Amino acid sequence: MKKQNKSMIAMMHRLVNSCGKYKASIRAAYIPGFFKGMCMKAPLMLSFLMVTGFMAGTMTKRTCWIYGAVLLGCVVLQAVLQNISDRLQSAAGFKVFADKRMQLGDHFRKLSMGYFTDGNIGKVSSVLATDMNFIEENCMMVLEELAGFMISQGLMICFMFYLGWQLGLVAVACLALNILVGNLTTRKSISHSIMKQECSERLTGSVLEFAEGIGVIKAFNLLGKKSKEVNKSFEKNCKESINFEIAYAPWWTSLMLAYGAGTALVLLTAGILASKGLITIEYLLGMILFLFDVFAGIKAYYGSIARLTVTDACLDRIESVFDEAEISNEGTERIPEPDSTASEVPEISYSNVTFAYGDKDALKNISFEAERGQMIALVGPSGGGKSTIANLLARFWDIKNGSIKIRGTDIRKVPVANLMDNISMVFQRVYLFQDTIYNNIAMGKTNATREEVIEVAKKARCYDFIMQLPEGFDTVIGEGGADLSGGEQQRISIARCMLKNAPIVILDEATASVDADNEHFIQEAISELCRGKTLIVIAHRLNTIRNASRILVIKDGQIVESGTHEELISKNGHYKKMIERQNS
């Protein structure tokens, strides 16, 4: 359980190291923090000198003015030092996590699609919305304070030795007891912080699942059941938070008892020493003046246990996301331009491709070729591997064995950006961004002119309905295209791909879930999009792929039949049975 033995200093060090280029600024804040800690104790020490001066009869009006000026100077200097410290450290936390969020976004872009389909959405949301917010709002500003607490505690121990070596030794012994109890408290807090953050992640996942599936939940009258499941997640999160406090409370109480016992022991020692004449009455009064501040530094230091241990758990989760393996993007080759390769080199070739989701093979020895301008149709039962074959071409995942090549170049040997320049994808499930229709289309080519955008909108059969909207192309649509019908969304996505004008198009049957009125327009738009392109089509309606150059029947991750429509009909196999079922 090495993790649970981590000290607070180690956690502070880890937090600072996670700040990258800003850690020098944060460490620089320790310098004004050091002097601020001295200024915090200076008034008490000056008060001691004033008391002893009055008792000794050495105080004068001039001395009082000097002490008063020094006290005022300490207060002003403390405020100035705090301002300097805040400028060096406080804003750094927000800058750090602004950069972290950008880095995380870039990291997500390079992860395989498998990461987002393995139940990690709750974790991603929790890291972004909970963990990073907690650290930047609660912990970055306490680093200098913690350093100040340690400094002030050291000053107090030194002052105890100044009053009497016996008092100093007792104070050191009591400090050691406080540190021992504090470290045990830290260990307990760490273990429960981990569980608390994991529970928060599960809660986020449950809420997201409920929100995303609300339509299905209502349609099947499962609102009560699913609401109970979400309520259970809230109750479990609440219970875990209460358990955290219950488990933490006895140790915090023990720390307070150690603090109180140490304070009482120092007072008892001072009384005994004064009764025996080993310290003067002035020093006894000075010690009483300092009494409740003797261990205040260590008390405040360990008072930040909960925040630091939760921060440590947050950093674990943030780092675990960053540790997810990215799809390699170190390729140095480039896919040749469509017209620069010999005619005998196939546009697309799969050679003995094997792919697994985890330990289970999803595709086994898939091999086929597509010449330039051909249509390859993938058909077969759901879950057979059709979408996987298409998605591997775009490197949504990397294959286990074999190779996939475009114009003779292995797609793993080229940068992802170069690969995606050669591929457009039209999904059955369209996603549009909360932005203008113009910008949603222009994503296909960021340097496109307005005339080009309007032209592809006309070819994609979406110009007319766009012009009927309040602001035309400048109309802002809701997230996911919520303001448009499914067919309208699909036509905008086709316009986007048309503008990109990539030589290869992956088409997941775009008309499978739209009404008859929209189907006609979408078929026309697809015909415009696919003119002169090489196509990989995932077909659901078999009548749409009768003219395909080759039809591959995919079942259980294998190609069980291959040929043209006429060839497969004559085989009297899987394909013919699928045709008969759809026509019956």
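This is a predicted model, so every value here is computed, not measured.
Annotation: the span from L273 atom CG to L268 atom CG amounts to 9.5 Å, rounded to 0.5 Å. To the nearest 0.5 Å, the span separating CZ on R317 from CG on D131 amounts to 4.0 Å. Taken to the nearest 0.5 Å, the CG atom of N440 stands 4.5 Å off from the CD1 atom of I477. Between the CZ atom of F97 and the CG atom of L104 there is a distance of 11.0 Å, given to the nearest 0.5 Å. How far OG1 of T263 is from CZ of F295: 6.0 Å, rounded to the nearest 0.5 Å. Taking CD of Q489 as the reference point, atom CD1 of I437 lies at 10.5 Å (rounded to 0.5 Å).
Nearest heavy-atom pair across I157 and A171 is CD1-CB, 3.7 Å. Here the closest non-hydrogen pair linking L315 and S18 is CD2-OG, 4.0 Å. Between F355 and T388, the shortest heavy-atom distance links the atoms CD2-CG2, 3.6 Å. The two atoms that bring V266 and L167 nearest to each other are O-CD2, 3.6 Å, heavy atoms only. Closest approach of C174 and L265 over heavy atoms only: SG-CD2, 3.6 Å. Considering every non-hydrogen atom in both F161 and V172, the closest pair reads CE1-CG2, 3.8 Å.
Applying the ring pair (Phe, Tyr, Trp, His ring centres under 6.0 Å) test to every pair with at least one member in residues 308-329, sequence neighbours left out, gives these pairs: H107-F322.
Under the rule for a side-chain hydrogen bond (donor to acceptor under 3.5 Å, both in side chains), D323 has no partner lying at least two apart in sequence or in another chain. Annotation: salt bridge (Lys or Arg N to Asp or Glu O under 4.0 Å) contacts of D435 (sequence neighbours excluded): none. Listed by chain and number, the residues in a salt bridge (Lys or Arg N to Asp or Glu O under 4.0 Å) with E326 amount to none (sequence neighbours excluded). The ring-ring contact (aromatic ring centres under 6.0 Å, His included) check on Y67 picks up nothing, with sequence neighbours excluded. The side-chain hydrogen bond (donor to acceptor under 3.5 Å, both in side chains) check on N17 picks up H13, R27, with sequence neighbours excluded. Residues meeting the salt bridge (Lys or Arg N to Asp or Glu O under 4.0 Å) test with K21, sequence neighbours left out: D99. Scanning for side-chain hydrogen bond (donor to acceptor under 3.5 Å, both in side chains) contacts around E319 gives R14, with sequence neighbours left out. For T63, the side-chain hydrogen bond (donor to acceptor under 3.5 Å, both in side chains) criterion is met by T60, not counting sequence neighbours. In terms of the ring-ring contact (aromatic ring centres under 6.0 Å, His included) criterion, residue partners of F108 (sequence neighbours excluded) are, by chain and number, F116.
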Side-chain polar contacts of residues 411-421 - donor-acceptor pairs under 3.5 angstrom, sequence neighbours left out - could you list them?
| unit_1 | atom_1 | unit_2 | atom_2 | d |
| --- | --- | --- | --- | --- |
| R412 | NE | D410 | OD1 | 3.3 |
| R412 | NH2 | G402 | O | 2.8 |
| R412 | NH2 | D410 | OD2 | 3.2 |
| N418 | OD1 | I335 | N | 2.8 |

Less than 3.5 Å apart, which donor and acceptor atoms pair up between the side chains of residues 68-81 and the rest of the protein, not counting sequence neighbours?
none

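Judged by distance alone, the side chain of D106 and the main-chain N or O of M102 form no donor-acceptor pair under 3.5 Å. Judged by distance alone, with hydrogens and angles left aside, the side-chain atoms of K400 form no donor-acceptor pair with the main-chain N or O of D361 at under 3.5 Å.
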Using side-chain contact (heavy atoms from CB on, under 4.5 Å), reason through L392 and L363 one step at a time and then give a plain yes or no. CA-CA 11 Å; L392 289 177; L363 298 177; 3.5 Å; yes
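Around NZ of K23, the count of heavy atoms belonging to other residues, nucleotides or ligands within 6.0 Å exceeds 12.
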